[in-house]
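Each ligand, and each atom within it, is numbered from 1 in the order the structure gives.
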Amino acid sequence: MQNIDWGSLPFGYYPTNYNIRCYYRNGEWGELECCSETTINIHMAATCLHYGQEAFEGLKAHRGADGKVRIFRLDENAKRLQSSCDGICMPRFPMEKFEEAIIKCVQLNKEFIPTYESGASLYLRPLIIGTGARVGVKPADEYLFLVFATPVGPYFKGGFMANPYVITRKYDRSAPLGTGVYKVGGNYAASLRAHVEACHGGQYACEFYLDAKEKKYIDEAGAANFFGVKNNTYITPQSTSILPSITNKSLMQIAETLGMKVERRPVAEEELATFEEAGACGTAAVISPISRIDDPETGKSYTFGDGKPGPWCEKLYKKLRGIQTGTEPDEFGWNTFVEI
Ligand code: PLP
Ligand code: COI
C-alpha cells in the first residue's frame, strides 16, 4: 500500500500506475489493454476535439471495515454509459467488457485504494471519445474507451457538512430535450461559467440550476441531483434535463427502508421554502447537505435547519456509506467484490 495521507486527499487527480484501454475499429471493440501511459495520441481532427463526441462515468471502489474491496453499482454505470453512447451516436461499450475493465483497473491500482478509516475511496473515471478524423459534423468511425483510477477525498472541503448554494438564472446547463440526461462532456463545458461565477468570492459551494424552459422548477445542484425532505418524505425532481443519478436512485430505495415516503416529481422553486432538510447527492458528492439556497435575482433565500446536517441526511448518509463499506447489510446486492 502507498504511503499517502489518505485522510487529507482532496477530490482531485492523484497519479496511479495503470489505466485500461480498448479501441473500436472496423465496426467492433477490440481487447482490453493495460497501459501505464497517462497521455493519449490522437488525430487532430478527432471528433472528440471538435464536436464534443465524449461521454464519461464516475464510480467508486471502497475498502470496507472488513478489509474487502467493493465497487458500488457497477452495472448501473455500465448501463448509463451505454445510454450516453446512444445519446451522442457512439457505439455502445459492452456491459461485460465495462465490468471487466473496471475490476482490472481496481486490481492493478490496488495500492491506491484508501484505508476504510480515512473515508476516502478509489474513484474510477471511464470515458469514451471519438478518435476518428472528421471535418463535417458526423459521428466518428473510431473510438477509444479508457478507464483510470485515482484516490479521492470529499468533493466539498470539510466532507459531510452543510454548504450554501446559489441559483443560477443567467446560464443553463442543459435543455429540456438536450443532452442533460446523458453524461457527456458538453454538459460540463456548459456548466463551467456558472460554476466559476457561483464559487467566486467563496460565499457559495456550488451553483444550483432551475429548468431552462420556465426557470420555475428545480433541476440539479451542480454536478449532483437535488433532494428535499419534509414530513418524513424524500422528494426529488423529475426532469428531462438532469442526469439520472445512481446515488439518488439508491437513496430513494434506502429512504423507503428507513420508513420514509418517496416522491419523484417536478419540484417548483417555491417549494424550497417548505423543506426541513435539503441535500445534493452523487458519486463524488455522496450526500452533501445544503444549508441555504440563495436566488440573488429575486432576493429570495431558503434556509434548511440550523446549518448542520439534518437528522434524515445523517441517517441516509450513514446507511449509504454503510452499504458501500460493509458496515450495513447490502440487502439490494449493489456491491461487486474485487479480489485483491
Ligand atoms: N448530476 C450530474 C450533472 C452529475 O455529474 C452527477 C455525477 O455523476 C450526478 C448528478 C450524480 O450521479 P451519480 O449519483 O450517478 O454519480
Ligand atoms: C461524479 O459524481 O462521479 C461526477 O462525475 C461528478 C463530477 C465530478 C463531474
Polar atom proximity, Cys281 to ligand 1 (N or O, under 3.5 Å): no

Centroid-centroid under 6.0 Å between Tyr188 and Phe56 rings: yes

Ser8 side chain to Asp5 side chain, donor-acceptor N/O pair below 3.5 angstrom: yes

Heavy-atom proximity to atom 6 (C) of ligand 1, best of Ser191, Gly282, Ala223: Ala223

Identity of the nearest option to atom 14 (O) of ligand 1, non-hydrogen atoms only, from Asn187, Asp219, Asn225, Thr247: Thr247

Distance-only polar pair, side chains of Lys230 and Thr274, donor-acceptor under 3.5 Å: yes

Sub-4.0 Å atoms of ligand 1 with respect to non-hydrogen atoms of Lys183: 4 (C), 5 (O), 6 (C), 7 (C), 8 (O)

Short N or O distance, Asn248 and ligand 1, threshold 3.5 Å exclusive: no

Among Glu220, Lys60, Glu57, closest by any non-hydrogen atom to atom 10 (C) of ligand 1: Glu220

Student check: side-chain heavy atoms of Glu277 and Pro311 closer than 4.5 Å: yes

Modelled atom types, side-chain donor and acceptor of Ser241 and Asp219, under 3.5 Å: yes

Test ring pair (Phe, Tyr, Trp, His ring centres under 6.0 Å) applied to Tyr317 - qualifying residues, sequence neighbours left out: Phe160

Any side-chain donor near an acceptor of the partner, Tyr143 and Gln53, under 3.5 Å: yes

Residues Asp86 and Ser83: side-chain donor-acceptor under 3.5 angstrom: no

Nearest protein heavy atom with distance in Å, relative to atom 16 (O) of ligand 1: Thr283 OG1, 2.6 Å

Arg173 N/O to ligand 1 N/O under 3.5 Å: no

Counterpart residues, side-chain contact (heavy atoms from CB on, under 4.5 Å), relative to Ala194 (two or more places apart): Thr168, Tyr171, Glu207, Tyr209

Interfacing atoms of ligand 1 (cut-off 4.0 Å, heavy-atom, Ala224): 1 (N), 2 (C), 9 (C), 10 (C)

With Tyr204 via ring pair (Phe, Tyr, Trp, His ring centres under 6.0 Å) - residues at least two apart: none

Arg80 touching ligand 1 at heavy-atom level, < 4.0 angstrom: yes

Distance from atom 5 (O) of ligand 1 to nearest protein heavy atom, with residue and atom: Tyr188 OH, 2.5 Å

Close residues, ligand 2: non-hydrogen atom nearer than 4.0 Å: Phe11, Phe56, Gly58, Tyr123, Arg125, Tyr155, Lys183, Tyr188, Ala223, Thr283, Ala284

Modelled atom types, side-chain donor and acceptor of Glu111 and Asn17, under 3.5 Å: yes

